[in-house]
Amino acid sequence: MIFADAHLHSNPVSGLGIEKIAKRFKSLGGWFMALVSLPPTHYGLQQDRDGYVKAIDITIAECRKARSLGLRVACFAGIHPADLEKLLTRHMADPRKVLELSEYVLREIARRCQEGLLDGIGEIGRPHYTTRPEAFVINELIMNKALTLAKDLNVVVHLHLEQGGIVTVMDINQRVETLRLMKGKIILHHLDYKTAREAVRYGLPFTIPAKYPLLKHAFTHLEPVYMIESDYIDDPKRPGVAAYPWDVIEIQLTLLKEGVVNEEYLYKLNVDNIVTVYGVEPP
Ligand SMILES: [Zn+2]
């Protein structure tokens, strides 16, 4: 059995860093990971142009290291919706300045996609918590810009969204149609069951977090059209906030042993769907 983690982060400044993560993940059967940038502040950087560019380049270096350790990697950089939200609400930044900063960061990301250093844009989207309405609107403006950019660059996008079930999925599906995007490249990340069920209905690719009850329910109720993620944030101060990448493997093996799922189903999630969505070479 081989396993993929379809969305995680690493932090070489204050966390384990990719070397430790990749070695342990690979030793347990991991073959692929989609590695996503963290906000600059996680790396001890400022939330400005320079901080973002450095954060993107830290992510690229981490992806390179993971590849050198024998993993297939899809490398992503974005502007987390919570980042823009914080700039507006906590730092009372001028919305025009926030837009300018975001557009600058997207240009830097696009350039690195063209150079083959990044494989996609993410995560971007909307906050999943209550905040000022403007924080949603500014994120939507940037999300649309990023989606259009991704289409031009022919790259994958990771969307971080509220878990709104049908309304979340309908909204993204409508954007796919009006902006004429490639449906197969827009990944809805970290879905709960009710939103996942709608994503299946609309044919949008998605990931679900590796939690035992959720996986158990998904394995028994959903077609094997999705992928599994740890959403590990590699922050020693918040150890329980998301699963470890090895939990992704552990939980699937447990459910396999319990007879909840079979190997064929798991192969689709961990290999077939990864190869299709991320366009990587199969193992
Ligand atoms: Zn994430």
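When a ligand or atom number is given, it counts from 1 through the structure's own listing order. All values reported here derive from a predicted model rather than from experimental measurement.
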Closest approach to the Zn ion (ligand 1) by D231, given as the N, O or S atom name: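 Of the nitrogen, oxygen and sulfur atoms in D231, the Zn ion (ligand 1) lies nearest to OD1.
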If the Zn ion (ligand 1) is the vertex, what is the angle to OE2 of E123 and NE2 of H9, rounded to 10 degrees?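 Nearest ten degrees: 90°.
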Identify the two heavy atoms, one from L222 and one from Y265, that lie closest to each other, and give their separation to 0.1 Å.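 Closest pair (atom of L222, atom of Y265, distance): O-OH, 2.7 Å.
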Looking at the Zn ion (ligand 1), is one of the N, O or S atoms of H189 less than 2.8 Å from it? no
Of the options L188, L161, V200, which is the one that meets V169 in a side-chain contact (heavy atoms from CB on, under 4.5 Å)? L188
Report yes if the distance between the aromatic ring centroids of H160 and H80 is under 6.0 Å, otherwise no.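 They qualify: ring centres under 6.0 Å apart.
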Are the ring centres of F32 and Y278 closer than 6.0 Å? yes
